[in-house]
Number of protein chains: 2
Amino acid sequence: MKRTHTCGDLRKSDTGKTVILNGWIHRKRDHGGISFINLRDRYGLTQVVVDSDAAAELSATTAELKMEYCIALEGVVRARPDTMVNPDMATGEIEVAASKIVILSVSDTLPFMIDEKSNANEDLRLKYRYLDLRSAHMQNHIALRSKVAFATRQYLTDRGFFEIETPTFIASTPEGARDYLVPSRLYAGKFYALPQSPQLYKQILMVSGFDKYFQIARCYRDEDARGDRQPEFTQIDIEMSFVGRDDVLSLIEGMMGHIFKETLKVQLPAVFRRISYDDAIELYGTDKPELRFEMQMQDGAFLADLGTFQAFKDAIQGGGKVKALVVPGVAEKYSRKLIEELESTAKIYKAKGLGWMKVSGAEKAPALEGGISKFFEGKAESVCDTLGAKPGDLLLFVADSKAKIACTALGAVRTRLGKDLGLCEEGRFEFAWIVDFPMFEWNEDENKWDTAHHMFTWPQDKYHATLESDPGSVKGDLYDLVLNGYELASGSIRIHDPELQKRIFKIVGFSEEEGQKKFGFLTEAFKYGAPPHGGIAPGLDRLVMLMAGETSIKEVIAFPKNSFAISPMDDCPSEVDQKQLDELHLKIVK
Amino acid sequence: MKRTHTCGDLRKSDTGKTVILNGWIHRKRDHGGISFINLRDRYGLTQVVVDSDAAAELSATTAELKMEYCIALEGVVRARPDTMVNPDMATGEIEVAASKIVILSVSDTLPFMIDEKSNANEDLRLKYRYLDLRSAHMQNHIALRSKVAFATRQYLTDRGFFEIETPTFIASTPEGARDYLVPSRLYAGKFYALPQSPQLYKQILMVSGFDKYFQIARCYRDEDARGDRQPEFTQIDIEMSFVGRDDVLSLIEGMMGHIFKETLKVQLPAVFRRISYDDAIELYGTDKPELRFEMQMQDGAFLADLGTFQAFKDAIQGGGKVKALVVPGVAEKYSRKLIEELESTAKIYKAKGLGWMKVSGAEKAPALEGGISKFFEGKAESVCDTLGAKPGDLLLFVADSKAKIACTALGAVRTRLGKDLGLCEEGRFEFAWIVDFPMFEWNEDENKWDTAHHMFTWPQDKYHATLESDPGSVKGDLYDLVLNGYELASGSIRIHDPELQKRIFKIVGFSEEEGQKKFGFLTEAFKYGAPPHGGIAPGLDRLVMLMAGETSIKEVIAFPKNSFAISPMDDCPSEVDQKQLDELHLKIVK
């Protein structure tokens, strides 16, 4: 009883054919002695009919059938009467009149219904992941993921990239998060580490002359389990030799274009907008701006002079900023209570408060009301002119003597408003490059400079002379790809010059011995003619999540953490002493 | 100085063009004031000439250049004089007259020369893997590996397979070899295991209705480090629903055909020969026969009656076998000493000895000489007729009361002879399917039946009635793909019926509780309408190794074990108490 067709295949033109289908009982209902079965497989649904005059054996088998039984059936395709045609079903013009049914396997009572999308709570969905994966929702997402990965490989392979596997078992290297460690029984008392990324290996491959490398690579981070974070994740790891920043950027623009066209039939722009890190902070208060709506923040420094609001004056005098946001047409909608909620968002980002005013009056004679408007009496026209505000708009402000706090706090409010006001259109994909990142950032705790990204980033050429004298001004050849408010990829041109590498190590207070010990095998390799190189690593999980219009990574991974049999919580048969383990870990990572 | 062409691009038709190349100094020689440089990149070699009348700066830079310096150069393409054309080089018709050279990075003195294939010893090659990878040999193998993986994905994707990632962090399951364990710091005192294969997950995916799954998956085995064994390896993991054995076989035949055609331009037969496990043992003494030469073993039972050799008589009377091998035309070549070497091979496989005779005389009147010929006086014609032996042939025999010893020991001699006599043509690929494997094998130590492959193999239908009464006769729906004497893939149709699964557990003495505990999540999933399914998992490492004509896996992995920074031996900064670790492991695996 091997299938001749799938459950998505049959059309009116197949009428009269004898076919065999294999699949699952999606729904079954009896109507006037006739049984109607929706048979489901990966390819679709087909209506099967067991007529009231069916042979005794067929009738008996049909009576046994319950939801999610797996069956094979033979029957004849017949056109449905015009009134019964289902235009929402690909096979909706036909039905199969069953002549024989074989039960391949039975099903217990289901913990939840297999539907387009399961309504069960997440714990139950994870526990019965194998059933949750039968939903059209999960089937589509896993299929999308497969297609995205293949389109990626196709694009890169066509351009001469080799996919090269780098090891999972490596020596521990310091890369931000904690390494997972794997004790080896073979080598007495030794450990492997699992890679947080193939970063060092792909750089080595450039030294080896491979020129264009990629790998859809599994990576590991022993981080806290906040929300969606998975202990393992997948990235599209890319590295190229003899390239500059713009070569990497245009490769990725082409790659994303190919992926979206091949899988979603969406045409992306050939070039993504480029926003400097400084502008991103000024305009959106974040280096991963949501750009499905604009609503840029503005400089409100003029308000410190214009009005009498002391907090604005203090911020500017303290060397900080006043940031302003015009939210069009929502003055009436936003009650004091709703504005307080926005303020709570601003405070998460360390703002002291959220200033607000509402614009009323007429377009040519605007007035300001509520909030801090009393500090700007008689200045309504000037305020509205400068900010481009109109009656009905809500004005929001954050002022702080630390410029970055003013930006990020009001930026967070902007992002929240985008969601609250439904400004983020589904199915719309707004990419941007964030470029010209600072190379170093000041570590207040340790009173020293750290690299903002990683140690191997090439400082932009024009700053090479002033690396040591003015680290704070140095921009790196760093670039992030953002999509709909998420960081999708981070990359850089790397240092290939051992002397420059030593200078960077020194600035961040890394002794040559430390550098040697931790990255020795890379600096060692660089002694033998390293080419200029750079790369990037888009996250596959997040890309597919955004393409699928989801907000949780779990929706695009077949077996996320805490799905059955994955969580070590459920499956470790006995406790192990945590202190003992910590000691083992400490020995290896320190 | 960004390249306009690669070092493999330029042809006579480019003459006159000003070009920029980037690459490495492969060779440099000076001849009458002129410098000749072979510049190398991934794409090839180009001869660069710095003429004797070059500007001072160019001359000075050229003088600095040493092997493996990475440079950028600008120059004009010119045709070589006819006498200087190098037909062995793709760019051999031209040279580039350099006008400017920039040193991108310098190189220390090399530990070995970068050549087609490095002659350095393996330890040195591994230590400086990044340099070894620059050889044409390694570049080609890594490129081949990438192409094989892509061709695989292309073939399967075109046929509706989804590549689905299964987790690396799983619960420990018993699968033969030892699991690697990964302590989690997040979940106090818990471990993950790393998968030896995605076996259970791909079966779960079938339960989830994915129908056609594949994954080029990294797998892990904490096994002894004999020879070439890598702690991690890669397999092409495949599973399908609603299929029988022949569906899987023909899929793989098509896939191998596609891979070989796309990468090596080799046309494989559309169908591979199928040999039953019993026949493979009888004819070749192994279930992974080398078929680039035939030289099948024959049944020598008739010799027990025909002659007076007691060892033959004992073997037959003891229920065993006499196996015979005719080695054509080597009677003269094989001295007593060489035959003793063959015997030592037979003894490794537990043979008591290797019987031999040489055929001399004329074709119509053959004689037997040496070895055990005295036991067959006057029987030469009969012996030669039955075995199809001719004058000049060497006859070899192993007899044992255990039939399998006779077969495997003489089979090992056959395999060795294939190598010694050069019967295994390079570039020839002989595939075969080994089918009809026994389902169970007797465990003499524990006095019980074990499954020969794994617990989830479907016993062939005709044996279902006699599973318990005669386990030794049961054949499983198991199949191995062999290529040139290596097992390339192993697969089976799986059990999807929980009741049948319970019977198998019971036969191998696995209590229901044990089955539940170890495979609970699979048997649990099978309660909800599991489809019939089966699969296979060709090893990517071995496939590429055989395609590349190599005998070591290390030649086709960029970073094998013991290459720099991989071995935990070199990089673990401190010792950890082995006993402590063993305890930890025991707690989790028992």
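Numbered from 1 within each chain, the chains take letters A, B, ... in sequence-line order. Remember, it's a predicted structure, so these values are computed and weren't measured experimentally.
- No part of S135(B) comes within reach of chain A, as not one of its non-hydrogen atoms sits under 4.5 angstrom from that chain.
- Here the closest non-hydrogen pair linking S105(A) and A530(B) is OG-O, 2.5 Å.
- Both the backbone and the side chain of V207(A) come within contact range of chain B, judged by heavy atoms closer than 4.5 Å.
- In this structure, chain B has a heavy atom under 4.5 Å from the backbone of S241(A), while its side chain stays farther away.
- Annotation: maximal heavy-atom pairing with chain A below 4.5 Å, among F161(B), Y43(B), Y69(B), occurs at Y43(B).
- Of the listed residues (D132(B), T166(B), D41(B)), the greatest number of heavy-atom pairs within a distance under 4.5 Å of chain A belongs to T166(B).
- If you take NZ on K527(A) and CG on L131(B), they are separated by 12.0 Å, rounding to the nearest 0.5 Å.
- For R145(A), the part sitting under 4.5 Å from any heavy atom of chain B is the side chain, from C-beta outward, and nothing else.
- Atoms CZ and OH, from F526(B) and Y130(A) in turn, are 11.0 Å apart once rounded to the nearest 0.5 Å.
- Using a 4.0 Å cut-off between charged nitrogen and carboxylate oxygen, D211(B) and R3(A) count as a salt-bridge pair.
- The contact between K2(A) and chain B is made entirely by side chain atoms (from C-beta outward), counting heavy-atom distances below 4.5 Å.
- For I557(A), no part lies near chain B; criterion is any non-hydrogen pair under 4.5 Å.
- Proximity to chain B (any heavy atom under 4.5 Å) is restricted, for L540(A), to the side chain, taken from C-beta onward.
- When A72(A), G209(A), G529(A), P498(A) are compared by the number of non-hydrogen pairs under 4.5 Å with chain B, G529(A) comes out ahead.
- Ranking M67(A), Q154(A), R40(A) against chain B, the residue ahead of the rest is Q154(A), based on heavy-atom pairs under 4.5 Å.
- Looking only at heavy-atom pairs under 4.5 Å with chain B, the residue among K147(A), E165(A), E68(A) that has the most is E165(A).
- The parts of K212(A) that come within reach of chain B are both its backbone and its side chain, each placing non-hydrogen atoms under 4.5 angstrom from that chain.
- Pairing each heavy atom of R218(B) with each of T168(A), the nearest pair is NH1-OG1, 3.2 Å.
- Between the side chain of R42(A) and the backbone N or O of F210(B) there is at least one donor-acceptor pair closer than 3.5 Å.
- Geometrically, R134(A) does not engage Y528(B) in a cation-pi contact, judged by NZ or CZ lying under 6.0 Å from the ring centre and within 45° of the ring axis.
- The heavy-atom pair separating L104(B) from H496(A) by the smallest distance is O-NE2, 3.5 Å.
- Both the backbone and the side chain of A143(A) come within less than 4.5 Å of a heavy atom in chain B.
- Residue contact with chain A, scored on non-hydrogen atoms closer than 4.5 Å, involves the side chain of L194(B) exclusively.
- Judged by distance alone, the side chain of E163(A) and the main-chain N or O of A149(B) form no donor-acceptor pair under 3.5 Å.
- Neither the backbone nor the side chain of T6(A) has a heavy atom closer than 4.5 Å to any heavy atom of chain B.
- For chain B, the nearby parts of P231(A) are the backbone and the side chain; heavy atoms of each come within less than 4.5 Å.
- Taking each heavy atom of P531(B) and C70(A) in turn, the nearest pair found is CA-SG, 3.7 Å.
- Heavy atoms of D497(B) lying under 4.5 Å from chain A are absent altogether.
- Between the side chain of Q139(B) and the main chain of S208(A), a donor-acceptor pair closer than 3.5 Å is present.
- Contact of D247(A) with chain B is made through the side chain alone, with heavy-atom distances under 4.5 Å.
- The main-chain N or O of F169(B) is found under 3.5 Å from a side-chain atom of E232(A) such that the two form a donor-acceptor pair.
- Between Y201(B) and F559(A), the two ring planes are perpendicular [angle over 60°; tilted spans 30° to 60°].
- Atoms OH and CD1, on Y213(A) and I142(B) in that order, are 12.0 Å from each other to the nearest 0.5 Å.
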